[in-house]
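Note that these values count all heavy atoms, side chains included, but never hydrogens, waters or copies made by symmetry. Convention: sequence-line order gives letters A, B, ...; per-chain numbering from 1.
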Protein chains: 2
Amino acid sequence: MDRVTMADVAKAAGVSVATVSYVLSGKRPVRPETRVAVEAAIRQLGFTLNSAARSLRTGRSALVGLVVPDLANPFFAQLASALQEHVRDLGLHVVVCNTRADRREELAFVREAVQQQFAGVVITPFRLVAKDLKPLEDAGVPVVVSADIRLDGVDRVEPEARAAMRAALTAVTASGRRRIAMIAGPRDATGGDPRLELLRALTGQFGTVLPHGMVVRGEHTREAGAAGFGQLMGLRHPPDAVFCANDVIAVGAMGRAEELGLRIPGDVSLIGYDDADFASLVRPRLTTIRYPAGAVGAAAARLLRERMDGRSVPKTLRVGAEFVERESV
Amino acid sequence: MDRVTMADVAKAAGVSVATVSYVLSGKRPVRPETRVAVEAAIRQLGFTLNSAARSLRTGRSALVGLVVPDLANPFFAQLASALQEHVRDLGLHVVVCNTRADRREELAFVREAVQQQFAGVVITPFRLVAKDLKPLEDAGVPVVVSADIRLDGVDRVEPEARAAMRAALTAVTASGRRRIAMIAGPRDATGGDPRLELLRALTGQFGTVLPHGMVVRGEHTREAGAAGFGQLMGLRHPPDAVFCANDVIAVGAMGRAEELGLRIPGDVSLIGYDDADFASLVRPRLTTIRYPAGAVGAAAARLLRERMDGRSVPKTLRVGAEFVERESV
């Protein structure tokens, strides 16, 4: 069948093409009964020429919301680009929603995504729990959680970071470090801090431990990294190796080390997480655990597409992280 | 008058509260005549409790689109945060749309903003021209252009950078540099490169010139910065001071300088633009012209609000840039 045009819709509804256009664009008011007739004709003819029509037909927009806790972290900019690459052929457009790790903002974007009938949502929740995502499911908006944390009943992309963390510990202990510490995420973040749990689980295998006193907590910000590093260095027995929950924290720690006159890695080893683009810009270049944003975006897009194609059983994809040795260990 | 509730709407329309909720959320199909009755009751009662209702009432979403050419440039992440701060009390939420400086993507987001009836759009156009923004105006979507370039008939936020550029040239020439060059934006960008024009206009006042052979062009990327710097250094008489159209370009140039064994500022001075957050992270710390993202976001929000309040005459706000002296001159 040939493509259905706006003229076909106008004819079937017994209105002008301009009226069809007003219904589609919302540019001018249209009488309710006229709109009903036009919408009925659109549905009947399966008019799908453009996103306006698709939106009316399916009740969906062409927008995919990427909901992130910190837009200033370049990892999420890279993730946004990768996701866009992998949904472009579906005619979808990624919009990035920055929640600043604030639960109210997270909830607000979930509401908007439901209200605007987004084509999909990829979210790195920071303080949301599984039931907060329920409205998306109820509204038929496919949702993918991209995070280390386990949330039941939803599609997820998570890192497989055990080997990378083991490699990091191998490098750290090979350089003679034994007093391991971590600047972790906040205690009230959803699912705690899986990166901390992984580090703790592995330190035993390297003849060392990660005592509670060597774990400081804060937001995923440069300020928190600086504060946490200062706190650790003020201990009676300060650490000689500091793992960070992400690279943003690590860069904050690096700045504080410079202020304190401490050499990295001479006095303290520093290890980040993510491999954000500035990790290779800072001096010393940051040794880190790369969680490849490109592969994460591809995996999230794959899960979204499968949902759009009808898959109903939740699924998890794992993306391998790798240890990137630079100059800070 | 007390706040109108969903129960009031349900009563007026002669339906259940659940049905009103289905109409608002689109979660379940509702018969067209029922929907018409509910929408009529909503309009009649002025139901405005939440964004769902507002969207129905005004035909607008609660989303403000920030359309940017490069999400990997932290300047735009900072701008997004500032804009969000200044529209939060209106119940609006900023979503960031990354166009990769690609004209087709820019047009696609303009279409989506019209189609989804965004509450507003703040755009840094890279390859769009004024008439491409016309559909937004026609659809009654307030739009603010945030850019150096002049676009007629639209609200704009632009930098006032003359004094800052003069201060930069003062510092550069004071350090004995006379062979000025620039890594500018692409030739086909909308409005050319106003930062290049400003530099060219001012060099004469400092007893030097900016010859065409000392201007190389490329995208606003690190790769283009590296390539442009390499090209300049390959000249028979290479420059001893290189201005860059933004900090992303400058960081690319800095990397190439290191590869070439050139010292900054020993051999060449390097000057950025924006003061993105990595400018103080790189070594040497980047001397740059700060265009304060916070003030830009505040100005853009002010223009949006005035439009929502009924202003119809286009207006331009200027935000002062300042010279930030660090270590690269």
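Between A/M308 and A/A119, the closest heavy-atom pair is CE-O, 3.2 Å. Nearest heavy atom pair, residue A/A62 against residue B/Q116, reads N-NE2, 4.2 Å.
Using a 4.5 Å cut-off on side-chain heavy atoms (C-beta onward), A/V282 and A/E327 make no contact.
Counting heavy-atom pairs closer than 4.5 Å to chain A, the top residue among B/M254, B/E258, B/Q78, B/Q84 is B/E258. Of all the listed residues (A/D70, A/V67, A/V95), the one sharing the greatest number of non-hydrogen pairs under 4.5 Å with chain B is A/V95.
For the pair A/D274 (side chain) and A/A276 (backbone), a donor-acceptor distance under 3.5 Å is absent.
Proximity to chain A involves both the backbone and the side chain of B/D277, based on heavy atoms less than 4.5 angstrom apart. The part of A/R285 that comes within reach of chain B is its side chain, from C-beta onward, which places non-hydrogen atoms under 4.5 angstrom from that chain.
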